[in-house]
Amino acid sequence: MVLLQLDPFLNELTTLYQNSTDKGSIWVTLKRSSMKSKVQRNKMTTNGEPIEYRCLIRATDGKKTISTSVGARDHQRFQASYATILKAHMTALKKRERKDKKKAAESDKKEGDVKKKPKRV
Amino acid sequence: MVYITSWDDFVDRSVQLFRADPDSTRYVMKYRHCDGKLVLKVTDNKECLKFKTDQAQDVKKMEKLNNLFFTLMSRGPDADVSEVTGKEQTEARAGKKGRGRKQ
């Protein structure tokens, strides 16, 4: 298990997704962690020191595991690039069909309502 | 394990589970490209919540849940998540307005 910096982790995650298009699955786990051993944690609590928690992110294809951690400061930036990668690779999911029709009908109804109100002066 | 069918139910119960035991709760996302399946799991090793989908529209929902868990885990379980959950409503409103103007 390799603990990587944020950007190398995202690159590795991209390769994991690319290599699993034909077969296999990818698991990504999020967990709250202090990145310290239980002994260290116990020591800190007995000494009354505050424990800093981070979010540990692990990804695996069943053979290779990579991991990284984000703190309170950088999680938003990471989340944005992570979401971009997911969107780029989760292309095998089905596009919506039924819902589109429903939504179209809904917006038509709302259209009617809007027209009744004299919005523009 | 039975899959939870309602998304909102899944989100509510996962957050509850995490808040009850932040140290041992994890959130796993499994994606299988060849079958086009996505499975989300939240567990604290005692209780297990799962949600399965094959719909592309659920990716957006999953992103919001990712966001929620990143916030909860890096800032702590008492973190204010109203900005993360509040976003949904404003986005939905903006979307409807946009559609109305086009036609």
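Every value quoted in this text rests on a predicted model; they were computed, and no experiment measured them. Chain naming here is simple, since letters A, B, ... match the order of the sequence lines and numbering starts at 1 in each.
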Just verifying a value: how many Å separate [X] [atom1] and [Y] [atom2], rounded to the nearest 0.5 Å?
X	Y	atom1	atom2	value
B/T25	A/L30	OG1	CG	12.0 Å
B/M73	A/I57	CE	CD1	9.5 Å
A/S20	B/R32	OG	CZ	9.0 Å
B/L72	A/R32	CG	CZ	9.5 Å
A/S25	B/H33	OG	NE2	12.0 Å
B/D58	A/K94	CG	NZ	11.5 Å

- Query: B/C34 and A/K23: which non-hydrogen atoms are nearest, and at how many Å?
  - Reply: SG-CA, 3.9 Å
Side chains of [X] and [Y]: does their closest heavy-atom pair fall under 4.5 Å?
X	Y	value
B/T53	A/L93	no
B/K30	A/I26	no
B/Y31	A/W27	no

- Hydrophobic cluster of A/M44, others only, ordered by chain and residue number, side-chain cut-off 4.5 Å: A/I51, A/Y53
- Task: Counting only heavy atoms closer than 4.5 Å, note whether B/K37 contacts chain A via side chain, backbone, both or neither.
- Result: backbone
- Item | Residues that B/S74 engages under side-chain hydrogen bond (donor to acceptor under 3.5 Å, both in side chains), provided they are two or more places apart | A/H75
- Message: Before you tell me yes or no, could you show the steps for B/F70 and A/V70 under side chain to side chain contact (heavy atoms under 4.5 Å, CB included), namely the whole-Å CA-CA distance, both residues' side-chain angles and the distance that decides it to 0.1 Å?
- Response: CA-CA 8 Å; B/F70 272 128; A/V70 284; 4.0 Å; yes
- Item | Residues of residues 80-90 of chain A with any heavy atom under 4.5 Å of a heavy atom in chain B | A/Y82, A/A83, A/L86, A/K87, A/H89, A/M90
- Query: Can B/V59 be reached from B/I4 by stepping across I, L, V, M, F, W or Y side chains whose heavy atoms are under 4.5 Å apart?
  - Reply: yes
- Message: Quick check on A/T60 against chain B: is it the side chain, the backbone, both or neither that has a heavy atom closer than 4.5 Å?
- Response: neither
- Query: Just wondering, are more than 12 heavy atoms of other shown residues or ligands nearer than 6.0 Å to CG in A/D22?
  - Reply: no
- Query: With a cut-off of 6.0 Å (strictly less than), are more than 12 heavy atoms of other residues, nucleotides or ligands near CD of A/Q18?
  - Reply: yes
For a quick test of your reading: what N or O donor-acceptor pairs under 3.5 Å do the side chains of residues 4-14 of chain A make, sequence neighbours left out?
residue : atom : partner : partner atom : Å
A/E12   : OE1  : A/K64   : NZ           : 2.5
A/T14   : OG1  : A/L10   : O            : 2.7

